[in-house]
Chemist: 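Encoded as structure tokens, here's the structure I'll be asking about.
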Amino acid sequence: AAPSTPSSTHNTMSYETTSIEMLFERDIPKIAKLFKEMDRGNGLNQEEFCGIFKKIYGDAVSDEELIALHMKIDPDCTSTVNLCRLMDYLVDNIVAKEAMEYRKQPFPKPFQFVPTGCLQPIVRVLFISRQADLFHYITITSVGLFTIWTDAFEKKKTTNLKLNKELLKSKNRLFTDMVYMREINQLAMTTSGGDLLFYDYSKDLLLKHCFVNNNVITSMNYWSDGSKAVFFTGDVFGYVTVFISYNIKENGLFCSAAYIQNRNIPEFSTIDVSVLLKNPSENFMCYKFMNYSGNSCRHVLYCAPIETFAICSRSSKILLLAALSKSPDQPASTTTLKSDKFSTFFKSVDYSVLSERLLTGSDDGTIRVWIPHKTTCEEILKGHGSAITHIKTHPRVRRFVSLSEDGIIYVWSEYTWMCLQSLPVQYMNLAPISSMCYNIFNNELVVANSNIAKCLGRGTEAYESASTSHDSLLCGLLYHSTYKQVVSACINGTVAVWAITTGELVMEFKVTLDHFRRLTAIAFDGPQRRLITADRKLRLWNFNNGAQLKVLSVAIPNEVTSIVCVRNRVFVSQMDSNIIYNLDINGDDNIFLENPYANGISSINIHNNKLATALTNGEIIVWNIETSKAVFSLNPNTSPRIHMIYNSHEEKMRSVSVSEGVEGEGNDGSCYSKGLQSTKGNIRTIILFLKTREVNVNTATLLISAGGHLYACSVIRQGGLLGRFKAVNNEGAVITTMTTDANEQMLLTGDDTGMIYMWNIQTFGFRTAEDKGPFEKIDGCYVSLHQPDLLRSWQCHLFGIVNVQCDPVCKYIITTGFDCNVQVWRNNGNPLGILGKNQWEDEKAQTQMAKSSSGRSQIQNFRTKAVKPKAKAPVHPSSFYPLPGVGLRGKKPKERSPDIPPILTPDPNADLSKTSDGQLATDKRTGRYSSYDMQSPISDLQESSHKTEQLSPASVGSAIEPRLPQRNEAQPPLPQTAPMKGNDNLNQISLQR
């Protein structure tokens, strides 16, 4: 990765919100007083609730906001809210907001494991920048296994360093340390036998030089400003030897007179330290001094800004500060820092350039801050529970990190000397961490023993390019038309609520209790006040503040594939099971439906009193939910006809009351993996009822996707398969998800190649005498092969699409993919942004604010006061602002432009917006869709919300008169039957995983 530029403002997520909840927090006493005056014991209804806040804020808050708040506080639909419930809601909201503060931490993501295949410890990890656009990591193990990694830690090259042992002091040597000298492109390595070896990094790691020194070298380090270079070593007797080159690029590191060529190996030479000490020159200087500690040097550090060496003794009791000498004969001025008799203060040390302080780690877990050359510490930082082995500072940001023996990393602010974050190192074995690297270019922490773990920090383009909406695979996606919010969930149990008008994260909370239970499905309840989640238990949540409201008593043994809620009943299907749960969401009136012929259920859906279940073998079973009996079955892959289920079969498909669940296969740790294995090799069948259509034999009310085809079926006794067509472009592609707009005029489908298709289905699935074909005759039935109009198709994700949802008018489309991202699109295929990564402006709110007068300025004043932070001590900007000079992995910094996918459409002037009567707008002169309002701002959602609220997926749909296709080809007459009126639609919403 090249050094990156600071992240652009519009792409940086900001989680501070001017929500109505934050507006009320400062006026709680006044609100409580009015509540007590108005409440007569039964709570306040919506009108009374809105009246209280109108008295306080006037026009500063809108009626829509207050009604939405009343609904959020009343998830149980009791129609009244008392003061206690309001306070509980606000407190839960505050707690949930505080839990979201981790996103502002310097390292929000956990450590990622990097397998190495090594059995020996890695003694050093280094980040190398050889050229302006070439960055990578290198590692060396104790036995000499040298590996070059890309900056994303993809293994690139491994070399086993082989040496001529006759040249070394110790034949059974182990590598102990490594430094990189960029100016001469060499690596210096030390061994356990005291050898100091120099390798040419540009020529297949050829051994170039070896030190000739009477003493055993125990530590070394290197510093350079590009011209002047300082290389220094510490030995077993406590001596420090300093080598200075004033122009390393021109003259190298050592004087040429010190090199002794080897007769047997011409390309190899030794370096005599005594020659360097006796022969100073104007280009080089070499001198030696004692560290006065009485034992060997454990660690040496050069503090360039103050030209001082910091030498830790082997006992860690003493730290010697020695100034850089101007000449070999001039003695170095020194300062000795000592530990007390109970602790060792100097197990690790580093120097902060910005705060001009020495930082030392002790064996009792404390960090001491020292002013150089003063013998008393300035600050003592507490937090670690064991000895501190590594301290690393940042040269551009006042922040440093420390690592202790228990594998915990602490991030500290140099402004307040307070801990900003504690970060456990995960996925490492029990061996101690032997090396730590702080990559300041990408703000990345890397630790190693025999394995490697890495953690990418905030504030760089590398972090933003790698960040996703969720940390794990997405398993659920919902859209709430009243709140204008997107709810997404991933398998690790994290639920996120986003504002679609701005892309802002509104709420985030955890719904699983441990790492062994995976979340597999989510859904709204009937009134869309509560969120239902499924791991092994069904849980109800107030998704506006993350509060858990209820846990149903029934345990689900296998992976949940679908949840559908109708009024107070919730239907649950599971993988590798023939049981469908029919549960009472408010009580214990629970039953289940059992199909002895099913081997697993992939999805379910409900229309009127019919429950349709799609089995993993492609068969569809339709149940009567009032009688709990299976009525008929169909399989469009094998036959277009409806097959009735007779009494002998019905007896086996029984309803049984349950209280604590049904015993079956599966357990906490295996249910999710077992579900994945069971679907391997099978094509998942998805079903979707068209609830606004009139139920009759010639009208398809059920859409079925299997593989890359879509089937339209009439699900009544005389019905069957009416039409089918191929709904994917790529050969072998499989449909993974589908949904419709509120009026069911447009169908959205997504496949496993990442493509989204938008179909006009107003005339699809109707059988009339005027149909001209083409047809396919199957089992004596004519099945239409006519494909509905494809309005748009575009590439949404690089991999498969998991879910797709849209707003009621299908102006904005939300997709989730296997890339762990939730993306928002306009209906013309242009991307609006990725949730959790981008934010956009509410254009309507800005326009209203610009046109408003004093009333709206009052709103602005209220909002500003509500979110204004309190005065505090100086805050570390390092964890809130982009780091300077940091770049995208593997590339030079460049301007970022939106990635607009290709758009495929039969008519480039298509208009997907709705007219007042809910139909697609057309141009009467040409008969084509016009291009009006294709680029409308996202704020238009607010204009249409009050018109389409009753048409949301959880509301009663109104039937529309189908516009049938006109064709000229001759066709055989098709039988007609009288239409059958269906029952009233039930309030429902379903999510297919």
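Remember, predicted model here, so these are calculated numbers, not experimental data. Only this structure's heavy atoms are used, side chains among them; waters, hydrogens and symmetry mates stay out.
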Chemist: Side chains of Thr176 and Thr190: is there a donor and an acceptor less than 3.5 Å apart?
Modeler: yes
Chemist: Are any of the side-chain heavy atoms of Thr335 and Thr375 separated by less than 4.5 Å?
Modeler: yes
Chemist: Taking the six-membered ring for Trp, are Tyr351 and Trp370 ring centroids under 6.0 Å apart?
Modeler: no
Chemist: On the ring face of Tyr415, is Arg398 found with NZ or CZ under 6.0 Å from the centre and within 45° of the axis?
Modeler: yes
Chemist: I need the Ser343 OG to Lys317 NZ distance, nearest 0.5 Å.
Modeler: 6.5 Å
Chemist: With rounding to the nearest 0.5 Å, note down the distance linking CD in Glu378 to OG in Ser355.
Modeler: 8.5 Å
Chemist: So, Lys326 and Glu307, do they make that salt bridge, N to O below 4.0 Å?
Modeler: yes
Chemist: Any side-chain donor-acceptor pair under 3.5 Å between Ser202 and Asp200?
Modeler: yes
Chemist: Evaluate whether atom NZ of Lys155 has more than 12 neighbouring non-hydrogen atoms of other residues, nucleotides or ligands under 6.0 angstrom away.
Modeler: yes
Chemist: When the aromatic ring centroids of Tyr137 and Phe153 are compared, is their separation below 6.0 Å?
Modeler: yes
Chemist: Could you tell me if Thr366 and Arg368 have a donor-acceptor pair between their side chains, going purely by distance under 3.5 Å?
Modeler: yes
Chemist: What's the verdict on side chain to side chain contact (heavy atoms under 4.5 Å, CB included) for Leu321 and Leu358, showing C-alpha distance, side-chain angles and the deciding distance?
Modeler: CA-CA 10 Å; Leu321 301 179; Leu358 276 170; 3.5 Å; yes
Chemist: Which distance, rounded to the nearest 0.5 Å, do you find between the OG1 of Thr150 and the CZ of Phe135?
Modeler: 13.5 Å
Chemist: Does a donor on one side chain sit under 3.5 Å from an acceptor on the other, for Ser269 and His209?
Modeler: yes
Chemist: State the CG-CD distance between Leu420 and Gln105, to the nearest 0.5 angstrom.
Modeler: 8.5 Å
Chemist: Under 6.0 Å between ring centres: does that hold for Phe243 and Phe254?
Modeler: yes
Chemist: With a cut-off of under 6.0 Å to the ring centre and 45° to the axis, is Lys228 in cation-pi contact with Tyr246?
Modeler: no
Chemist: Give a yes-or-no answer on whether the side chains of Ser142 and Gln120 include a donor-acceptor pair shorter than 3.5 Å.
Modeler: no
Chemist: Ring centroids only, cut at 6.0 angstrom: are Phe400 and His394 within range, meaning strictly under it?
Modeler: no
Chemist: So, using salt bridge (charged side-chain N to carboxylate O under 4.0 Å, His left out) as the criterion, who are the partners of Asp177 when residues are at least two apart?
Modeler: Arg124
Chemist: Please tell me whether Ser404 and Asp406 have a donor and an acceptor in their side chains that are separated by less than 3.5 angstrom.
Modeler: yes
Chemist: Between Tyr180 and Asn185, is there a side-chain donor-acceptor contact under 3.5 Å, judged purely by atom types and distance?
Modeler: yes
Chemist: Do NZ/NE/NH1/NH2 and the carboxylate oxygens of Lys392 and Asp350 come within less than 4.0 Å?
Modeler: no
Chemist: Would Ser402 and His384 count as having a side-chain donor-acceptor pair, cut-off 3.5 Å?
Modeler: yes
Chemist: Report the residues that fulfil ring-ring contact (aromatic ring centres under 6.0 Å, His included) with Phe284, sequence neighbours left out, ordered by chain and then residue number.
Modeler: none
Chemist: Among side-chain atoms of Ser219 and His299, is any donor-acceptor pair under 3.5 angstrom?
Modeler: no
Chemist: Drop me the distance from Arg399's CZ to Thr393's OG1, to the nearest 0.5 angstrom.
Modeler: 11.5 Å
